[in-house]
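Data first, discussion second: the structure below is written as structure tokens.
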Amino acid sequence: MDRRDFHQAAVAIATALATARGTAAPSSPDKESAEQHHLKVIERYRHLWDGPKLEIGLLVYPGMFLQDLVGPLTMFEALMNRNIHLLWKDLKPVGPEKPEHPGLIPVPPNRTFADCPQNLDVLFVPGGVPGTLTMMEDPEVLAFLADRGAKAKWVTSVCTGSLILGAAGLLKGYKATSYWATLDVLPTLGAIPVKQRVVTDRNRITGGGVTAGLDFGLDLIARLRSPAYAKAVQLYLEYDPAPRFNAGTPAKAPREAREFMTRMFAGMNAAAHAAARRVQVRAS
């Protein structure tokens, strides 16, 4: 968001809050007065969002599913007093795993593994095949996650990201979820699979497939700050889902759609099982 967009948004938010609370909004504000009003309102509601500075680390990698990252990232960006680290081995933008599958939106990391803070408040791993399968057997990635995960306050994932956490040894004995087509891989990695959109077990929080990252993110905001602030963020993002079709889980989807997706992901499921077995052999 550039400066012009920020001020336009600030005016809109200030006006809406003023209407709701009976507070006078600037009349015909210029950019500076709009920003000042915006900041005053934020300060007035400090009790909702205030807290210690948070260090949030998100793994990015070739072949990840972009929405797995962007959904939670959108929620994390709404937190105040936080540092967000997009983590990879180097600072080159990550995109598709294979050159023949060009990525439309490459993601530039802003921290390397070596530069990542030692103590993270949140360690997050997105999913996405085929990248997940590669990350499950990448020694450098797994060593990094195991190290930071042992010290992080919250160890988290969305979609098949839980398989990467599991491969790093971070889900042994924990309840967890994953993408519906790979949920049955979790036991091989020592986790206890739960068919649920968001699963919390002690300091592990795992989200289901793709769009579950939005619910996961709100849940984590409520824990990091407050439920009241999570509700404000939900309104800020106008997150009021009303899907056109009721086919978002295997149990709800019609037979043809379910058969199509199940058969399409059969190879991925088999590959994930094989990778998980190799992980266990190396760990034993």
Side-chain angles (χ1 to χ4, degrees), residues 58-59 61 63-69 71-72 123-138 141-142 145-146 149 154-220 241 243 245-281 283:
L58 299 88
L59 179 70
Y61 58 88
M64 68 181 174
F65 202 84
L66 194 59
Q67 179 61 31
D68 286 5
L69 174 74
L123 175 64
F124 171 77
V125 178
V129 175
T132 290
L133 302 178
T134 304
M135 295 303 104
M136 288 175 69
E137 300 188 78
D138 186 310
V141 169
L142 298 182
L145 292 176
W154 294 99
V155 178
T156 70
S157 68
V158 162
C159 200
T160 57
S162 58
L163 303 186
I164 304 173
L165 288 182
L170 293 170
L171 291 181
K172 290 181 179 178
Y174 288 88
K175 295 177 182 178
T177 193
S178 188
Y179 185 59
W180 63 266
T182 55
L183 188 65
D184 63 350
V185 180
L186 287 174
T188 305
L189 299 168
I192 304 165
V194 178
K195 194 180 296 184
Q196 194 168 297
R197 194 158 172 84
V198 179
V199 173
T200 303
D201 186 353
R202 288 158 284 178
N203 74 329
R204 267 54 167 176
I205 306 180
T206 51
V210 193
T211 59
L214 295 168
D215 301 278
F216 155 86
L218 280 178
D219 187 290
L220 194 49
F245 304 105
N246 188 23
T249 69
K252 296 176 181 177
R255 186 181 67 180
E256 185 176 42
R258 185 170 61 250
E259 289 178 353
F260 174 31
M261 291 294 104
T262 300
R263 290 172 179 172
M264 186 174 73
F265 286 122
M268 178 193 73
N269 178 272
H273 273 288
R277 287 193 293 269
R278 289 192 294 270
V279 167
Q280 291 306 98
V281 169

message: How long is the straight-line distance from OG1 of T211 back to CD of Q67, given to the nearest 0.5 Å?
response: 7.5 Å
query: How many angstroms lie between atom CG of D138 and atom CE of M136, to the nearest 0.5 angstrom?
result: 12.0 Å
- prompt: Going by heavy atoms in the side chains, are L163 and L186 under 4.5 Å from each other?
  reply: yes
- request: Could you tell me the separation between the OG1 atom of T182 and the CG atom of N269, rounded to the nearest 0.5 Å?
  value: 7.5 Å
- prompt: So, T249 side chain and K252 main chain: donor-acceptor pair closer than 3.5 Å or not?
  reply: yes
query: Does R258 reach the main-chain N or O of P250 with its side chain, forming a donor-acceptor pair under 3.5 Å?
result: yes
query: Does S178 use its side chain to pair, donor to acceptor, with the backbone of S162 at less than 3.5 Å?
result: no
- request: Supply the atom-to-atom distance L59 CG to I164 CD1, rounded to the nearest 0.5 angstrom.
  value: 6.5 Å
- request: Might you point out which heavy atoms bring G166 and L171 nearest each other, and give the distance in Å?
  value: N-CD1, 3.9 Å
message: Strictly distance-based, threshold 3.5 Å: is any side-chain N or O of Q280 a donor or acceptor partner for the main-chain N or O of T188?
response: yes
- prompt: Rounded to the nearest 0.5 Å, how far does CG of L145 lie from CG of L170?
  reply: 6.5 Å
query: How close do G209 and Y179 get, heavy atom to heavy atom, and via which atoms?
result: CA-CD1, 3.7 Å
Ring center gap for F216 and F124 short of 6.0 angstrom: yes
